[in-house]
2 protein chains.
Amino acid sequence: MTHTKENYLKAIYHLDQNQEKISLSELGKKMEVSMPTVNSMVKSLQEKDWVIYQKYQPLQLTTKGKQKAALIIRKHRLTEMFLAQYMGFGWEEVHEIAEEIEHLQVDKFFDRMDELLGYPAVDPHGSPIPDKEGVVVAKSYVPLSEIEVGVQVRICSLVKSSKELLLYLNRKEIALGTELKIEKKEPFDKSILVRYQRPDKVMLSHEVAQLLLVELC
Amino acid sequence: MTHTKENYLKAIYHLDQNQEKISLSELGKKMEVSMPTVNSMVKSLQEKDWVIYQKYQPLQLTTKGKQKAALIIRKHRLTEMFLAQYMGFGWEEVHEIAEEIEHLQVDKFFDRMDELLGYPAVDPHGSPIPDKEGVVVAKSYVPLSEIEVGVQVRICSLVKSSKELLLYLNRKEIALGTELKIEKKEPFDKSILVRYQRPDKVMLSHEVAQLLLVELC
DNA sequence: CTATAAAGTTAGATTAGTCTAACAAATTTT
DNA sequence: AAAATTTGTTAGACTAATCTAACTTTATAG
Ligand SMILES: [Mn+2]
Ligand SMILES: [Mn+2]
Ligand SMILES: [Mn+2]
Ligand SMILES: [Mn+2]
């Protein structure tokens, strides 16, 4: 399995999480390649039994493909955790580096990271780390946008951890584990006013609140 | 620059250290590829101005090529040091892992390792780490085999750090920094008897003694 | 100084991953 | 239902890295 195919498989896996059916054009967009490229790639992924594909039909990951993808994601997330915990990188820096490291073939390296980290369950963005069999145990959190006024919650994960969001949260001093209380909800734009370890109350847009996954506390 | 070309360049660099002239067949042997493969590769390395090459003539690294190679070796050795110091890998394990990691393109990662390690000058086998400009400052040590009886020395580096040698040294409890005194030299097979932090004296073959680079202490 | 052997080259093929251009099928809009 | 748009396919080309087979040049050994 090549570096390239691993990235396709991961992309398909992530698309699979959000939609049931995966179109070639979506995959092409995500991978930033032309349609003929994606077309020939899915044929070759099919030959390895990682996807099911028929002309003009949407793409589907096989169980085998899902597992393969999960194992790459395991490497990715373990790496992110290691970069954050052991090397002092910020949560907004780790993804880019892990994107390369995830393709290393030497298992020893990832096993040692796992051990040093004490077998972590989640990455620095709160996403679950698949186990060595490729099984993912994901907790079901609720978007902050759906919490009622007066309730106290803890930030546990993010829907999409784009660098921009992470830098925004840094500026607001919001991190995983931050506990906050909903002070007020503005019906007009659905923005919310929250209070946490800062002196002043902070306003969060609906857009942001939708991306923050929380649990009650 | 691809992963593959980086490995060729490194191989040429290492051959260059030992011999003046580098033949394609040697390079082919080192890289475990056929002669036509090595032939077409050197042509392509030449186009990038990393080597000088003319039909039927031995290969030569350009200054540019030497620098490129040194920067890859910098990544390799920094990685080895990090694996040993921060992740608890043995000196016999690090090379194989570093062989993969050295190709990562993300400079941030290597810079952070360098910083965390306190800008080390040598790798876990005592080989010098080239600086960010690709300049190598190599100390000139002496093989243990050339030291006279009665002299006290410190092991500082190895001529060739094969896994087999490293495991042998582990068994003998010899590491970088080990200080030893030559007790006796056997003229017949040039083996030497040494004493160090062990209760008993230890016999080292000429073969081994040639590979251990020492300085007086 | 010829005859082998070793080293190096060329030609041609293969696989992986990519592209553009041209066309076809499916979907959406009018 | 026809037209327009989007989506997907095919054909053909390119680069990188590799191989085998056949040949040539250079080196070595009688
Ligand atoms: Mn990530
Ligand atoms: Mn990747
Ligand atoms: Mn090494
Ligand atoms: Mn390598």
Side-chain angles (χ1 to χ4, degrees), chain A residues 1-13 15-16 18-61 64-65 68-69 72 99-100 102-105, chain B residues 1-16 18-61 65 68-69 72 99-100 102-105:
Chain A
M1 161 103 102
T2 61
H3 183 124
T4 311
K5 285 205 170 61
E6 289 191 343
N7 281 335
Y8 276 93
L9 214 48
K10 241 185 26 160
I12 297 169
Y13 184 95
L15 288 172
D16 198 55
N18 305 336
Q19 302 114 91
E20 189 48 47
K21 303 287 181 183
I22 303 148
S23 68
L24 298 211
S25 58
E26 279 174 306
L27 183 53
K29 240 163 254 162
K30 193 151 207 177
M31 294 300 297
E32 299 183 281
V33 294
S34 67
M35 293 273 326
T37 299
V38 89
N39 183 278
S40 85
M41 183 54 77
V42 297
K43 285 175 182 170
S44 128
L45 292 175
Q46 162 149 262
E47 270 163 32
K48 307 238 185 227
D49 273 318
W50 292 327
V51 300
I52 293 165
Y53 181 62
Q54 281 169 282
K55 264 194 181 187
Y56 300 108
Q57 290 311 118
L59 201 58
Q60 258 187 284
L61 262 182
K64 211 172 138 190
K68 262 271 174 244
I72 303 159
E99 203 53 55
E100 279 200 69
E102 68 188 356
H103 304 290
L104 300 182
Q105 290 309 306
Chain B
M1 161 107 97
T2 61
H3 183 124
T4 311
K5 284 205 170 61
E6 290 191 341
N7 281 334
Y8 277 92
L9 213 50
K10 240 185 25 160
I12 297 169
Y13 184 95
H14 287 312
L15 288 172
D16 198 55
N18 306 333
Q19 303 115 88
E20 189 47 47
K21 302 288 180 183
I22 303 148
S23 69
L24 299 210
S25 59
E26 279 174 305
L27 182 54
K29 240 164 253 160
K30 192 149 207 180
M31 294 302 296
E32 298 182 285
V33 295
S34 68
M35 292 277 318
T37 299
V38 89
N39 184 277
S40 84
M41 182 54 78
V42 297
K43 285 174 182 170
S44 128
L45 292 175
Q46 162 149 266
E47 271 164 30
K48 308 238 185 224
D49 273 319
W50 292 327
V51 300
I52 293 165
Y53 181 62
Q54 281 170 281
K55 263 194 181 187
Y56 300 109
Q57 289 311 118
L59 201 57
Q60 261 186 281
L61 261 182
K68 262 271 174 247
I72 303 158
E99 203 54 55
E100 279 201 69
E102 67 188 358
H103 303 291
L104 301 181
Q105 290 309 307

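Letters A, B, ... are given to chains in the order of the sequence lines, protein chains preceding strands, and every chain is numbered from 1.
- For the pair B/Q46 CD and D/dA16 C1', the computed distance is 18 Å after rounding to whole Å.
- Within the 4.5 Å cutoff, the side chain of B/L9 has heavy atoms near those of the B/M1 side chain.
- Open room surrounds NZ on A/K21; 12 or fewer heavy atoms of other groups in view lie less than 6.0 Å from it.
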Salt bridge (charged side-chain N to carboxylate O under 4.0 Å, His left out) evaluation trace for A/E102 with A/K10: CA-CA 11 Å; A/E102 68 188 356; A/K10 241 185 26 160; 2.7 Å; yes
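- Annotation: salt bridge (charged side-chain N to carboxylate O under 4.0 Å, His left out) contacts of A/E26 (sequence neighbours excluded): none.
- Around the CD atom of A/E32, the shell of radius 6.0 Å holds no more than 12 heavy atoms that belong to other residues, nucleotides or ligands.
- For B/M1 and D/dA17, the CE to P distance is 11 Å, given to the nearest whole Å.
- Taking atom NZ of A/K21 as the reference point, atom P of D/dT7 lies 17 Å away to the nearest angstrom.
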Give the B/S/- string for nucleotides 8-19 of chain C, one per nucleotide from 5' to 3', where a protein heavy atom under 4.0 Å of the base yields B, of only the sugar-phosphate yields S, and otherwise -. BBBB-----SBB
